[in-house]
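None of the values given here were measured: they were computed from a predicted structure. Each chain gets a letter, A, B and so on, in the order its sequence line appears, and its residues count up from 1.
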There are 2 protein chains.
Amino acid sequence: MSTEHPAEGPWADDAPGAPAAQVDGAVDRPGRRAPSAAGRGPERLAARGIPEATVARLPVYLRALTALVERGVPSVSSEELAVAAGVGSAKLRKDLSHLGSYGVRGVGYEVSPLVAHISRELGLTQEWRVVIVGIGNLGRALASHGGFAERGMCVTALFDNDPAVVGREVAGLTVLPMTELAAVVRRDGVSIGVLATPGPGAQPACDHLVAAGVTGVLTFAPAVLQVPEGVDVRKVDLASELQILAFHEQRKSAGEAVRAASLAVAAPAAPADAAAVPAGAVAAAPGRRAARPVGVTR
Amino acid sequence: MSTEHPAEGPWADDAPGAPAAQVDGAVDRPGRRAPSAAGRGPERLAARGIPEATVARLPVYLRALTALVERGVPSVSSEELAVAAGVGSAKLRKDLSHLGSYGVRGVGYEVSPLVAHISRELGLTQEWRVVIVGIGNLGRALASHGGFAERGMCVTALFDNDPAVVGREVAGLTVLPMTELAAVVRRDGVSIGVLATPGPGAQPACDHLVAAGVTGVLTFAPAVLQVPEGVDVRKVDLASELQILAFHEQRKSAGEAVRAASLAVAAPAAPADAAAVPAGAVAAAPGRRAARPVGVTR
DNA sequence: TCTTGTGAAGGCGTTCACAGCC
DNA sequence: GGCTGTGAACGCCTTCACAAGA
């Protein structure tokens, strides 16, 4: 039971005032880029307006570039970098073009300057301090996760409302009670919080974060969060990811079934005992054991 | 054939050599829905062709509906369900329309039938068995994660290539060596695998999964995976998520800075000691906490 | 000659608004 | 009267293809 925090218990302490605002849905397009404030103030080059889709890929480019730096590669063509990042070269060029021109026609992009530029664009010239709320299995794993630090994110403090967890040491940090949240956020200048609480505790915990001053939230809780305008929420729902994969697996199986059926018609009498045959006949057999689409070929 | 993975050392061996197959990019649109096979075979109702964006939201709708079932609600309007799921009602209706008509004009949707239908569509009429490869912090957390089971996903086995980890018990399962992977996948009819290895070990581990027959992969490794056609890959990159939030935070700060500057001009000398102000005044306090914004300024 | 940067075209997804049906 | 289902408009993103430029 260690897992579940006392469902409601303390997590409920929340509601510091206003019953928050509208649903955000920031995940899909957190960028309600200033609707018309596009050409506001004394903007400089590249009009401040990088498409959200591009922003979401910058971290990927940055990682690929970092790898190149380590290998000592001085420059890359859009084609090479695109492959390294797993995207098409046209898309990559278009993305980079939104950051301004950092490439040289006929040559490619110089790695170092590009790394610096993307880092700056992402705001990684500074280390971002992050707090994690909800120190259950996932929270602990995130706290211990190496890989944040090397990418500019520093986990500063851990919080939980379960007295049994508070005080314990995780990844070198002592788990603090939620009552300390605001103080820590203020002291360390934290603006990003990670929610790893069970679903029911997410909203209260989120309200707590927001009240403390956090304006960027990454949540793993399977719950819809209501946050005031100005707060970005990105959601990662592990079970949903698997269900989406299941949908596609099911499809493949169905396709197999159809194909199998066709074959059966073409060459009947073949007892579907699927011996060595691609056990994938899956769908053929009423749901039996899921999907084993063979297809993987090559 | 790709089949053979050199007996990698622990997860390290990486193998920067062979430029395997093509990049997938499945994450963005795993649905290369049969390009033109749209109206192929003897399709039934709703032409088999649910938009990927819709598929990605079905799990969310399902969760919201499940909650309604538990509350004993018999039916909902698109507006109510939309709010519960955190989307717009028009979008919800359009999404559901892709599944066929399960609503009653003038009334709304009956919860139970809708739950059943979405479940069927997602392939959740069966339990999907999943294996996790890479039992480090994250792998353990995922293995122990309650919440998969209740949403149709059953973690069947855990694998790792580190002798120090193999044999240990996690979440009631004994961690197995990679050599057992193929056998388990076949025996249990596993078609979905979760990759929680460090970045460098991801590709070999992925190849291993694919060779064993897995055709759906959810990876947490910050690496581009090459998989053969027919294999879906969904990627969750934790650090990237935080970096994307950082980008937006930086923006807000920049905006603040600009505004602050304006104010400074308008009413200088005002020490921004943001006293008792509603802790939530977040956006109000110029720079202060929020991640040392100012400096970064473009 | 080779690769970037980009206008233009094409797709996909969202949103609107209302016809259709309860 | 009320709400769903959907055609049509709209906008974002991707892809194409080529002019610009080292």
Atom CZ of R63(A) and atom CD1 of I118(A): how far apart are they, to the nearest 0.5 Å? 12.0 Å

Closest to the 5' end of DNA chain D, once G103(B) and V107(A) are matched to their nearest nucleotides, is G103(B)

Nearest 0.5 Å, please: how far is CD in Q226(A) from SG in C206(A)? 9.5 Å

Spacing of CZ belonging to R234(B) relative to CD1 belonging to I244(A), to within rounding of 0.5 Å: 4.0 Å

CG of L114(B) versus C1' of dT4(D): gap in Å, rounded? 13 Å

Quick one: does any side-chain atom of E121(B) pair with a main-chain N or O of L99(B) as donor and acceptor, under 3.5 Å? no

Taken to the nearest 0.5 Å, the spacing of Y61(B) OH from T54(B) OG1 works out to 6.5 Å

Ranking T54(A) and V104(B) by the position along DNA chain D of their nearest nucleotide, the one closer to 5' is V104(B)

I need the NZ-C1' distance between K91(A) and dT15(D), as an integer number of Å. 9 Å

Could you tell me the separation between the CG atom of L96(A) and the P atom of dT3(C), rounded to a whole number of Å? 16 Å

Output the distance between atom CG (L122(B)) and atom CZ (R151(B)), rounded to the nearest 0.5 Å. 10.0 Å

Does Y109(B) have a side-chain nitrogen or oxygen under 4.0 Å from the phosphate oxygens OP1 or OP2 of dC22(C)? no

Could I get a table of every N or O pair under 3.5 Å where one atom is in the protein and the other is in nucleotides 6-12 of chain D?
from	atom 1	to	atom 2	distance (Å)
dG7(D)	O6	K94(B)	NZ	3.3
dA8(D)	N6	K94(B)	NZ	3.4

For the pair D232(B) and R251(A), find out whether any cationic side-chain nitrogen is under 4.0 Å from an anionic carboxylate oxygen. no

Rounded distance (Å) that lies between atom P of dC16(D) and atom CG of L92(A): 15 Å

Of all of residues 67-79 of chain B, which get a heavy atom below 4.0 angstrom from DNA chain C, listed by number? none

Atom OH of Y102(B) to atom P of dC22(C): distance rounded to whole Å? 17 Å

Just to verify, what does S75(A) make a side chain to side chain contact (heavy atoms under 4.5 Å, CB included) with, not counting sequence neighbours? none

Working to the nearest 0.5 angstrom, can you tell me the gap between L242(A) CG and L142(B) CG? 8.5 Å

